[in-house]
2 protein chains.
Amino acid sequence: MLSKTSEYAIRALVFIQLQQIQNKRPGVIEIAKEIEAPEAFTAKVLQILTRNHLVQSMKGRGGGFFFKDNKCELTLFDVIQHTEGDLIFKKCGFGLTQCSDENPCPLHDKYDAIRDGFLQIAKAETICSLSQKIISGKAVLNRLVTMN
Amino acid sequence: MLSKTSEYAIRALVFIQLQQIQNKRPGVIEIAKEIEAPEAFTAKVLQILTRNHLVQSMKGRGGGFFFKDNKCELTLFDVIQHTEGDLIFKKCGFGLTQCSDENPCPLHDKYDAIRDGFLQIAKAETICSLSQKIISGKAVLNRLVTMN
DNA sequence: TTATAAAAAGATACCATTGTCCTTTTATAA
DNA sequence: TTATAAAAGGACAATGGTATCTTTTTATAA
């Protein structure tokens, strides 16, 4: 469903937030290792995010990634918009270019419900809310539960 | 969500069924035109389907594609299985390899519901049922409503 | 039986996503 | 002020999905 780019982006942001709570500012190498993504590619993904101000970065010694004013209240929708555009939230499940309520494909109603459900999740969940689930032990970021 | 291959496959099969009702046996060229997909690629997709016996074909003059014993009762799930494997119905929405009920990612519950909803559609809808919606005028196969 | 029409098959090309590497810029610590 | 550590940026490589073209096989109609 989501591209690797989106997955890495979301996982990376959650990890950054988890670190920020501990007053740390992780760098690419640490982030990539934690989210189990390739280092150089993670750097590229983070570049997209910082360019679009979804997260902040600092160069140089002691640099790394962080949220300004502790603001991690960006929704998954915000992130996904930047990593794959919003076609994913609009496209017909049957592949028709002209699919609409007036001119529906045979899957229109049922698929729309599913896609809208996904949109609701994406708009409701934020990097903060996901992080919170991990902090409270209700979820994990990867196979190791790492809160150190 | 679905790949082009899957979309073309489903649309092609629905068109074949619509033609079969009129005792016709469409060929690749006609199918491709109707579903608005590239001809050569449509041929490849149909090859996959016939190789896996989701639809039958006849070579030579007067040949084309058809359903044996008028059996178009295959589910979208069956089709999708062959066009993109079943990972699409299992994969973690967060991208974790180890995601499970016991070891859930922060999106686990909500995303699972969505994905399961999609699975239900895929298992409930068949090429026949989609065709029926078109025949009864409740849906269209492409921008033109072609039932000639 | 032969010409023809059609699917099957194989080889190849294209393009977007994913991934790597190397250089440049920038900030900090020493 | 200089060495160093880090992100940013640019160029490139690998992969997989999408797409095209040509040849081969097969069945039918004439």
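Everything numeric here is computed off the predicted structure, so don't read it as measured data. A, B, ... follow the sequence lines: proteins, then strands. Residue 1 opens every chain.
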Where the side chain of [X] is concerned, which of [options] is the nearest nucleotide?
{"X": "A/R61", "options": "D/dG9, D/dT28, C/dA30", "answer": "C/dA30"}
{"X": "B/A40", "options": "C/dG19, C/dT20, D/dT20", "answer": "D/dT20"}
{"X": "B/K59", "options": "C/dA8, D/dA19, C/dT20", "answer": "C/dA8"}
{"X": "A/M58", "options": "C/dT28, C/dC21, C/dA8", "answer": "C/dT28"}
{"X": "B/Q47", "options": "C/dT20, C/dA8, D/dA7", "answer": "C/dA8"}

Specify the separation, in whole Å, of atom [atom1] of [X] and atom [atom2] of [N].
{"X": "A/L2", "N": "C/dT17", "atom1": "CG", "atom2": "P", "result": "14 Å"}
{"X": "A/K4", "N": "D/dT15", "atom1": "NZ", "atom2": "P", "result": "14 Å"}
{"X": "A/F66", "N": "D/dA6", "atom1": "CZ", "atom2": "P", "result": "15 Å"}
{"X": "B/I31", "N": "C/dA7", "atom1": "CD1", "atom2": "P", "result": "7 Å"}
{"X": "B/I29", "N": "C/dA6", "atom1": "CD1", "atom2": "P", "result": "7 Å"}
{"X": "B/F41", "N": "C/dC15", "atom1": "CZ", "atom2": "P", "result": "15 Å"}
{"X": "B/N52", "N": "C/dA9", "atom1": "CG", "atom2": "P", "result": "11 Å"}
{"X": "A/K44", "N": "C/dA16", "atom1": "NZ", "atom2": "C1'", "result": "16 Å"}

Pairing partner of D/dT26, by Watson-Crick or G-U wobble and under 3.5 Å for both distances, is C/dA5

Answer for the Watson-Crick or wobble partner of C/dT17, both distances under 3.5 Å, is D/dA14

Please determine if a side-chain N or O atom of [X] lies less than 4.0 Å away from the OP1 or OP2 oxygen of [N].
{"X": "A/S57", "N": "D/dA8", "answer": "yes"}
{"X": "B/R51", "N": "C/dA9", "answer": "yes"}
{"X": "A/T5", "N": "C/dT17", "answer": "no"}
{"X": "B/Y8", "N": "D/dT18", "answer": "no"}
{"X": "B/T50", "N": "C/dA7", "answer": "no"}

Is the distance between the SG atoms of B/C128 and B/C72 less than 2.5 Å?
yes

Does any part of the side chain of [Y], heavy atoms only, come nearer than 4.5 Å to the side chain of [X], both counted from C-beta?
{"X": "A/M1", "Y": "B/K91", "result": "no"}
{"X": "B/I29", "Y": "B/E39", "result": "yes"}
{"X": "A/F66", "Y": "A/V55", "result": "no"}

Between A/G63 and A/S3, name the one whose nearest nucleotide on DNA chain C is closer to the 5' end.
A/S3

Quick one: do the A/T75 and A/D78 side chains pair a donor with an acceptor below 3.5 Å?
yes

Is a donor-acceptor pair below 3.5 Å formed from side chain B/E39 to base D/dA19, judging by atom type as modelled?
no

Decide, yes or no, whether a salt bridge links A/E30 with A/K24 under the criterion of side-chain N to carboxylate O below 4.0 Å.
no

